[in-house]
Structures are given as structure tokens and as C-alpha cells.
Amino acid sequence: MRTQVGIIGSGPAGLLLARLLHHQGIDTVILESRSREYVAGRIRAGVIEQGMADLLREAGAGERMDREGLIHAGINIAFDERLERIDFPRHTNGKVVMIYGQTEITHDLMKAHIDEAACIVHYESPAMRVEGFDTETPRIVYEQHGEQKELVCDFVAGCDGFHGIARKSIPADKIKTFQRTYPFGWLGILSDVPPVREELIYANHERGFALCSMRSHTRSRYYIQCEIDDKVENWSDDAFWDELRRRLPPEAAENVTPGPRLEMGITPLHSFVAEPLRFGRLFLAGDAGHIVPPTGAKGLNLAASDIYYLSRALIAFYKEHRTDLLDRYSDAALRRVWKAVRFSWWYTSLLHRLDGDPLSRRLQISEMDYLTGSEAGRTVLAENYVGLPYEKFE
Ligand code: FAD
Ligand code: DHB
């Protein structure tokens, strides 16, 4: 089998890239190790920056988001008994974020790409390795129905997430990695109950971090900091709701409506960056190249900004025979990645119970008091949260 751009992974990064290239008449084949139902059912992120929302529109998959997504013009930060609102438009020249689940985005991209445009995604076809990425005809070796096959490409996009094989196909002396694992996790619940408040609440409590988010006016998403080795089996629905209430200021706690779980899961927290993101004709994008702790809601949005740069570089190659943007991809994508890695690390450190040391907590409270009491502090938080601008890339 042969294609122009072979894409490994049909998460948001792979699907978005395939859509943007298809609009320019560039052929792709996506190889995905899981089934379509499994990929469609994964519950993950929920906050979309404007840059990503614009890319989804460009990809022809933004219509339902624009109809059903919730526009949020601020977030709330809770500490001690205080609740402070950060106003985004005021501090960022009018920017806002969109609340729209990754599950819905994946659904919309699949519908546009597979059901409407009849483009090719091979599910249950795990890639095993990438060969010849330093030649003009890189190949993806993959498995399908128990047989080993080969996809020959002009370029390979490794969009196969943190545990994928694209990054692992690179010899160790050609790649540098940076990583940290945080000593706690997040326990998340999804439930068909109305949200506590119209906008998200990020709470620093001495018992640990809590986040009140949502998917709609009738579906809530909550997270609480948990032990790194905690298990979902340790938590009844009632225990979750009780612990969430304890960590919120009274005016928010009173408004928690408990309900049965649609889903409950534990997420570990990591920072990870691979450098560079380009190896000859193999490009890494999204979680395949970097991971952030979820506190700043940046993981999904970084996958989109990588695809912004990569799609433009590939389009310039096919339309104008230019290779300069392919050469600049890794540096441009990584500049934005590192800023989000820094923000996510800082925001995580500000909001979580770190070591139980009273001095650490007093320093956090003092920093939040400073941030919310200063226009400059509020601007720092707002402009990072809504998403730093994409670099001009043409
Ligand atoms: P993925 O979505 O991971 O997609 C990669 C795809 O590649 C998958 O479909 C996988 O099955 C496939 N694949 C893997 N290996 C192979 C192979 N060998 N061959 C073929 N296919 C392969 N971000 C936030 O901003 N907020 C959150 O609340 C949040 N919660 C998260 C919770 C969890 C449990 C996880 C894992 C991530 C979470 N994230 C969150 C991060 C966000 O979901 C990711 O950053 C985003 O999914 C990245 O998209 P991606 O397309 O790069 O990778
Ligand atoms: C959600 C997840 C996040 O990590 C975050 O910072 C905000 C919202 C969510 O799943 O809704």
C-alpha cells in the first residue's frame, strides 16, 4: 500500500492532520491500533483554546462545536474560603475558551473524515515500527488481521500518543527526552448532574486539589487529587461527592448535586518532552512528542498547535515544492510546547497539596493572593490559560 502522508494514530492529532491535508488534495492513510468504538468512547479533555477551535472549523468539523459548545469568559480560583474570578476578555484583548469534550471532537472528526469524505482509517491495525525515515520513502510496518503489512509513504506523522511506536523507532542517540512524574494523581468523575457553577473552579484545599468542570448544562466533570497508587475500586460515588464538597468553599460546596457516575477513572500526572520532533521524514505530533499534567488543560490544545505547524509545512511541500517549513516544524512547535509545559507545571504546583508541609501551603496561598490581587498576575494566568498565539508560519 502507498500513500502521501502515513499517519499513525487516530486521536485528535491524527484525525485533524488528515482532515486538513484532505482539504488540500493530499492523500493520507491512518493506522489505528484500537477499534473505532474504543477511540470514540475515551473520555479526556474538555477545554478548547480559540486556536484549536479555528483549526477544527478549517477542518470542516466545527459546526456542532459552534452550536453546542459553551463559551467561557473566565475561571474561578478557590483558596481557603475565597473564590476569585479571572476574567479572560478583560486581560487578553477579548479572548475566551470553549467547553467541548474531546469525545465530541473525535466524533465530529470521524464523521467528517470517514463517514462523509470516505477517507481511509484502518482500525485494529497497530503500527509495529517505522523504517527508512531518513530516506525519501519511509515505511510503516503494521499488523492487520494477524498479517504483517507495509505502508510506503512520502512522509510519516507519528500521532500515536505517549505509548506509541513512532518515538520508539528513533535510535536513542538521535533523541533527547525530559520528564517528571508528579507524586499524585487525579480521580475524575463524569455524571449527568448540573454543574456547581457556570464557570470552572480550580480549588487549592489543604486536603488536596479539586476541579469543577462540565461538558454541558446537564453534565458535570469533576476531578480530585488522589494518591498516586489509589484505585477506582476504593471510591464509591458517595465518597467522591463527600470529598469534593470538603475541598470547595462553602458557597460552591452547597451547590454540588451528587449523581451516579457515567465514568470514573484515575489519571497520573507527567511532564515529558522529546527533542527534536522531526527525524528526516518522520514527524512527531501531540502526545507522541510531549505530555503535560492536565491542570492547565493544555494537552489536547498542544496536539492541535503541532498539527497547525505540521499541516502548513506539508501543504507548502506539496503545493509549492518548499521544504523550509518542514525544516522549521520542530523548533516552532517546541517553542510553544515548552511554554505550555512551563505553565502546566507552575499551575500544578500552585494548586496541589505538595508535601503536607504547612510552609509550602502558606507560600501557595500567598502566591494566589498576590496573583489575584494584581492586574499583572491576573494577566499572566489569563493569557496562558486562553492559549498563547500560534507563530506566523508561512
Ligand atoms: P491520543 O489521543 O493519545 O491518540 C493517539 C492514538 O494513537 C490513540 O488512538 C492510540 O490508540 C493510537 N495508537 C497508539 N499506538 C499505536 C500504534 N502502535 N499503532 C497505531 N495506533 C496507535 N488533556 C487535557 O487538556 N485535559 C484533560 O483533562 C486530559 N485528561 C486526560 C486523561 C487521560 C487518561 C489521558 C491519557 C490524557 C488526558 N489529556 C487531557 C490529554 C489529552 O487527552 C491528550 O493530550 C490528547 O488526547 C492528545 O491527542 P493525540 O492525538 O496526540 O494522542
Ligand atoms: C477539564 C480537564 C482539565 O484538565 C482542565 O484543566 C479543565 C477541564 C475537563 O475535563 O473538563
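Since we're looking at a predicted model, the values are computed, not measured.
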Can you classify the ring geometry of Phe162 versus His270 as parallel (below 30°), tilted (30 to 60°) or perpendicular (above 60°)?
parallel
Report the residue from Tyr223, Trp186, Tyr347, Tyr222 that forms a ring-ring contact (aromatic ring centres under 6.0 Å, His included) with Phe209.
Trp186
Should Arg2 and Asp154 be marked as a salt bridge (Lys or Arg N to Asp or Glu O under 4.0 Å) after you check the CA-CA gap, both sets of side-chain angles, and the distance that decides it?
CA-CA 9 Å; Arg2 201 178 193 309; Asp154 297 339; 3.3 Å; yes
Atom of Ala18, atom of Ile30 and distance for their closest heavy-atom approach:
CB-CD1, 3.7 Å
Over 60° means perpendicular and under 30° means parallel, so classify the ring planes of Tyr142 and His122, tilted if in between.
parallel
With heavy-atom distances below 4.5 Å as the criterion, would you say the side chains of Arg197 and Glu251 are in contact?
yes
Can you check whether Leu310 reaches Leu17 side chain to side chain, under 4.5 Å on heavy atoms?
yes
Nearest non-hydrogen partners of Ser216 and Leu70, listed with the distance
CA-CD1, 3.9 Å
Plane angle bin for Phe133 and Phe279 - parallel if under 30°, tilted between 30 and 60°, otherwise perpendicular
perpendicular
For Ala166 and Val130 the tightest heavy-atom approach is CA-CG2, 4.5 Å
Would you say the side chain of Arg34 lies within less than 4.5 Å of the side chain of Tyr123, judging by non-hydrogen atoms?
no
Would you call Asp324 and Arg322 a salt bridge, taking side-chain N to carboxylate O under 4.0 Å as the test?
yes
Among Leu20, Leu109, Asp108, Asp66, exactly one meets side chain to side chain contact (heavy atoms under 4.5 Å, CB included) together with Leu56. Which residue is that?
Leu109
Going by ring-ring contact (aromatic ring centres under 6.0 Å, His included), Tyr329 matches just one of Phe393, Phe283, Tyr309. Which one?
Phe283
Intermediate values then yes/no, side chain to side chain donor-acceptor pair (under 3.5 Å), Asp306 and His290
CA-CA 10 Å; Asp306 286 357; His290 40 78; 2.6 Å; yes
Kindly work out whether a path of hydrophobic side-chain contacts (I/L/V/M/F/W/Y, heavy atoms less than 4.5 Å apart) joins Leu200 to Ile48.
no
Indicate whether any N or O donor in one side chain lies under 3.5 Å from an N or O acceptor in the other, for Trp346 and Asn384.
no
Just by modelled atom types, is the Phe79 backbone N or O under 3.5 Å from a matching donor or acceptor in the His205 side chain?
no
Trp338 and Phe343: aromatic ring centres closer than 6.0 Å?
no
Go through the steps for Arg82 and Glu84 under the test salt bridge (Lys or Arg N to Asp or Glu O under 4.0 Å), then give the verdict.
CA-CA 6 Å; Arg82 282 168 64 181; Glu84 293 277 349; 3.1 Å; yes
Within the structure provided, determine whether Leu282 and Arg278 are in side-chain contact (heavy-atom separation under 4.5 Å).
no
How long is the span from the CZ atom in Arg215 to the OG atom in Ser191, to the nearest 0.5 Å?
12.5 Å
Considering all heavy atoms of both residues, which atom of Gln50 and which atom of Gly94 are nearest to each other, and what is their separation?
NE2-O, 4.4 Å
Does the side chain of Arg64 come within less than 4.5 Å of Lys111's, by heavy atoms?
no
Non-hydrogen atoms of His217 and Pro195 that approach each other most closely:
O-CD, 3.2 Å
When every non-hydrogen atom of Ser360 is compared with those of Asp355, the smallest separation belongs to OG-OD1, 3.2 Å
Pairing of Arg353 and Glu206 as salt bridge, 4.0 angstrom limit
no
Compare all side-chain heavy atoms of Val96 with those of Val386 and state whether any distance is below 4.5 angstrom.
no
Between the side chains of His91 and Arg378, is a donor N or O closer than 3.5 angstrom to an acceptor N or O?
no
May I ask you to decide whether Asp331 forms a salt bridge with Arg328, counting only side-chain N to carboxylate O separations under 4.0 Å?
no
With a 4.0 Å cut-off on N to O distance, would you call Glu394 and Arg312 a salt bridge?
no
Report yes if the side chains of Met1 and Glu150 come closer than 4.5 Å at any heavy-atom pair, otherwise no.
no
Given Asn204, which partner from the list Arg361, His352, Glu367 fulfils the side-chain hydrogen bond (donor to acceptor under 3.5 Å, both in side chains) test?
Arg361
May I ask whether Phe184 and Met264 are part of the same hydrophobic cluster, defined by side-chain heavy atoms of I, L, V, M, F, W, Y residues being less than 4.5 angstrom apart, directly or through others?
no
Same cluster for Ile26 and Ile120 if Ile/Leu/Val/Met/Phe/Trp/Tyr side chains link at under 4.5 Å?
yes
Any chance the side chains of Ser305 and Arg336 put a donor and an acceptor closer than 3.5 Å?
yes
Side chains of Leu16 and Tyr308 in contact at under 4.5 Å (non-hydrogen atoms)
no
